[in-house]
Number of protein chains: 2
Amino acid sequence: MVRKSRSTGRITLDDVAQAAGVSRITASRALHGGRVVGAELVARVQEAATQLGYVPDPAARALASSRSTQVPILVPMLSNALFVDLLEAVHRVLYPAGFQPMIGVTHYDPAEEELLLRNYLAHRPAGLLVTGFDRTEAARQLIAGSGVPCVYLMETTDAPGVHCVGFSQSASGSAMTQHLLDRGYRRIAFAAAQLDPRTLQRAEGYRSALKAAGCYDARLELLSPERSSMALGGRLLEELVRTHPEVDAVFFNNDDLAHGGLLAAHRLGLGVPGRVAIAGFNDLAGSDQMVPALSTVHTPRLEIGEQGARMLLQLMNGQVPAQSSIELECRLVERQST
Amino acid sequence: MVRKSRSTGRITLDDVAQAAGVSRITASRALHGGRVVGAELVARVQEAATQLGYVPDPAARALASSRSTQVPILVPMLSNALFVDLLEAVHRVLYPAGFQPMIGVTHYDPAEEELLLRNYLAHRPAGLLVTGFDRTEAARQLIAGSGVPCVYLMETTDAPGVHCVGFSQSASGSAMTQHLLDRGYRRIAFAAAQLDPRTLQRAEGYRSALKAAGCYDARLELLSPERSSMALGGRLLEELVRTHPEVDAVFFNNDDLAHGGLLAAHRLGLGVPGRVAIAGFNDLAGSDQMVPALSTVHTPRLEIGEQGARMLLQLMNGQVPAQSSIELECRLVERQST
DNA sequence: CTGAAAGCGCTTACAG
DNA sequence: CTGAAAGCGCTTACAG
């Protein structure tokens with residue numbers, strides 16, 4: 001057999017078709033559960049395909065059909081375990097359905113997200129999953145102009161035509177603040193990092209709960225633009241008790257900050273929750289292991305990933321999801337640190 | 001202008017070529033830093049391309065050239081921060097060089113890795129990055145048969161033709177064990193999870209160091225196949241002090257286990273390091289925040305990612321790296337828990 | 001240094 | 001239900 005000069009040596013659909021004694025097009029249809037092909041032929045083609053170890057070429061398919069099976073999912077940062085969980089849940093739904101999630105990390109930078117979007121969209125993705133609603137105008141237009149089905153994760157909106165799965169950031173911020181109020185704390189601080197849109201929404205929830213209770217004091221809000229970490233949490237706690245010794249509770253915006261805060265309290269010999277109560281957010285791994293165990297808000301990131309992926313699956317199939325906006329519930333986890 | 005029926009409405013190279021008044025092929029060359037094209041033409045083509053907002057179609061390019069710019073990188077698990085750091089470092093080198101790292105998570109499962117490999121290799125990747133050497137025979141053959149340049153991360157070997165960047169797992173296991181011996185501990189336990197190949201190599205290093213010192217006791221090795229977590233670390237510590245009260249130090253195979261062990265010691269009222277010393281591995285975020293701060297081994301995952309990516313870049317360019325196997329150093333981090 | 005032709009491997013209308 | 005033709009958007013030899 002003579003190989004043409006540009007041949008890649010790859011097993012192609014033609015090889016399969018030839019082996020099965022049908023035309024290339026029939027082979028193509030047989031392989032995609034084509035309802036229009038005779039059952040016997042389907043079997044013969046599939047047999048030949050496995051026999052030869054045929055693997056379809058995604059590039060050729062994408063080019064011919066002008067769509068791929070890739071699904072970019074853009075998250076802010078993998079060092080936040082929250083997003084690792086989200087990705088895992090998405091993967092569990094999309095991968096078995098024949099789609100390849102492609103992870104993109106924006107580092108909380110809208111410019112970087114825009115660049116990623118531009119690159120990924122060039123791959124004719126089957127669908128798109130992004131985090132939240134805060135992005136550049138150009139990024140917005142890229143998404144809209146691409147015609148690629150998109151589901152927004154983590155936050156929700158009622159805007160028409162937007163598909164999203166998330167939870168109320170501000171309500172969850174209020175809920176923990178209210179819990180602290182209910183436990184009798186009055187000088188409740190809020191310590192946050194990164195200051196991304198969702199963090200600021202939670203701060204808003206904190207504020208409104210305290211204002212409603214007549215306990216709001218702007219000086220107890222400690223907002224740092226640094227990235228979230230245990231070390232930062234420790235520093236924020238130290239700063240709070242030094243500059244505002246009257247503080248009796250600290251609501252940390254993410255569990256890693258709270259872990260750091262809790263350990264810093266140990267180091268300073270401050271009793272928790274006796275001298276200062278400590279609360280976290282997200283219920284990340286290890287929060288139940290802290291001493292004392294950390295009170296926090298459990299966020300439904302696995303459900304968000306799963307339901308978001310399911311919604312996208314429907315959109316990619318041309319179906320209309322029953323709901324275009326799904327708001328899930330958070331769960332207050334009361335442990336010993338408050 | 002009449003659109004053909006199957007047109008996708010996309011701006012193509014033909015559009016750019018037409019706008020610049022050259023042929024499609026010249027446009028292609030001009031866009032790829034083609035040295036053979038006149039400087040003036042290059043400028044005209046690039047101008048036209050940006051003018052029209054041309055984005056090359058990766059699928060078409062992959063099909064025509066039989067290679068893409070995708071670089072799959074296969075890691076065991078994202079919930080281990082170690083691999084998040086590794087990915088970040090790889091991304092920082094590959095992305096600016098025009099390659100797209102595609103993250104694949106194997107969940108420490110060789111069968112899953114083989115499946116991922118099969119799928120990713122179909123995409124004609126430009127290069128490949130994998131973790132360690134432990135995989136199915138089929139996976140090995142897939143890699144070899146693909147002809148795709150591959151760099152192995154985390155472990156090293158002298159096998160000819162294999163490109164790798166890592167550190168000596170067993171030596172790092174020995175080093176921490178020796179540190180504990182030097183500090184005067186004699187009943188030193190080893191607590192590990194997951195039991196992946198690298199964990200077992202570190203266990204081997206622990207064993208040989210203790211044997212050399214005449215202190216080895218197999219009953220102090222606690223190997224759990226569960227996945228690593230703070231909660232598991234806590235349980236392992238409890239079990240150790242209950243069944244082997246004479247234990248005076250515990251070397252945890254990963255920092256998250258050590259964090260959990262440290263907190264469990266607090267809970268049980270065991271002084272650290274007075275009653276029992278605790279050491280970790282990897283030097284993950286937060287280890288310096290523990291109370292007492294955790295002694296551990298800092299592993300060079302950022303350097304591994306960076307140098308591994310650079311080595312792959314050379315291979316993808318058809319160059320021969322100066323070294324085919326790079327073994328990096330770990331650094332013992334002595335803090336207060338030992 | 002530039003271009004006309006052929007081809008990468010698949011799918012989409014269009015016939016039968 | 002099956003197939004011959006054309007095409008997706010690009011790059012690779014081959015000429016000039």
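All figures in this text were calculated on a predicted structure; none of them were measured in a lab.
Rounding to the nearest 0.5 Å places OH of A:Y108 at 9.5 Å from CZ of A:R227.
For D:dG9, the OP1/OP2 oxygens have no side-chain nitrogen or oxygen of B:T12 closer than 4.0 Å. Between B:H32 and D:dC10 there is no side-chain N or O to OP1 or OP2 distance below 4.0 Å. The shortest distance between the side-chain N/O atoms of A:T26 and the OP1/OP2 oxygens of D:dG3 is below 4.0 Å. The phosphate of C:dT11 has neither OP1 nor OP2 within less than 4.0 Å of any side-chain N or O from A:S65.
Computed from coordinates, the A:I11 CD1 to C:dC10 C1' distance equals 16 Å when rounded to whole Å. At whole-Å resolution of the value, CZ in A:R44 and C1' in D:dC1 are 13 Å apart. Following rounding to the nearest Å, B:R124 (CZ) and D:dT11 (P) show an atom-to-atom distance of 14 Å. In this structure, the CD atom of A:Q18 is 15 Å from the C1' atom of D:dG3, given to the nearest Å. Look at CZ on B:R67: it is 16 Å from P on C:dG9, rounded to the nearest Å. Computed from coordinates, the B:L63 CG to D:dT12 C1' distance equals 12 Å when rounded to whole Å. In this structure, B:D57 places its CG atom 13 Å from C1' of D:dG7, rounding to the nearest Å. For the pair B:I25 CD1 and C:dT2 P, the interatomic distance rounds to 11 Å; values are reported in whole Å.
The existence of a salt bridge linking A:E47 and A:R44 is excluded, since no basic side-chain nitrogen approaches an acidic carboxylate oxygen closer than 4.0 Å. A salt bridge links A:R198 with A:E155: the distance from a Lys NZ or Arg NE/NH1/NH2 to an Asp or Glu carboxylate oxygen falls below 4.0 Å.
For the residue pair A:E114/A:T136, the side-chain donor-acceptor check at 3.5 Å is satisfied. Side-chain N/O atoms of B:H107 and A:E88 include a donor and acceptor closer than 3.5 Å.
Listed nucleotides C:dA4, C:dT11, D:dG9 differ in distance to A:A64; the shortest reach to its side chain belongs to C:dT11. Listed nucleotides: C:dG9, D:dT11, D:dC8. Nearest to the side chain of A:A60: C:dG9. When distances run from any side-chain atom of A:S28 to the nucleotides D:dT11, D:dG3, C:dT11, the shortest one goes to C:dT11. Closest to the B:L13 side chain, of the nucleotides D:dG9, D:dC10, D:dA13, is D:dC10. When each of D:dC10, D:dG3, D:dA13 is scored by its nearest atom to the side-chain atoms of A:V22, the top-ranked nucleotide is D:dG3. For B:R24, counting side-chain heavy atoms from C-beta on, the closest listed nucleotide (D:dT11, D:dG9, C:dT11) is D:dT11.
Contact between A:D57 and A:R10 at its shortest, heavy atoms only, is CA-NH2, 3.5 Å.
For A:R29 against D:dG3, a side-chain N or O and a base N or O form a donor-acceptor pair under 3.5 Å.
Pairing partner, D:dA13: none, since no Watson-Crick or wobble contact has both distances short of 3.5 Å. Nucleotide C:dA4: unpaired (no Watson-Crick or G-U wobble partner with both distances less than 3.5 Å).
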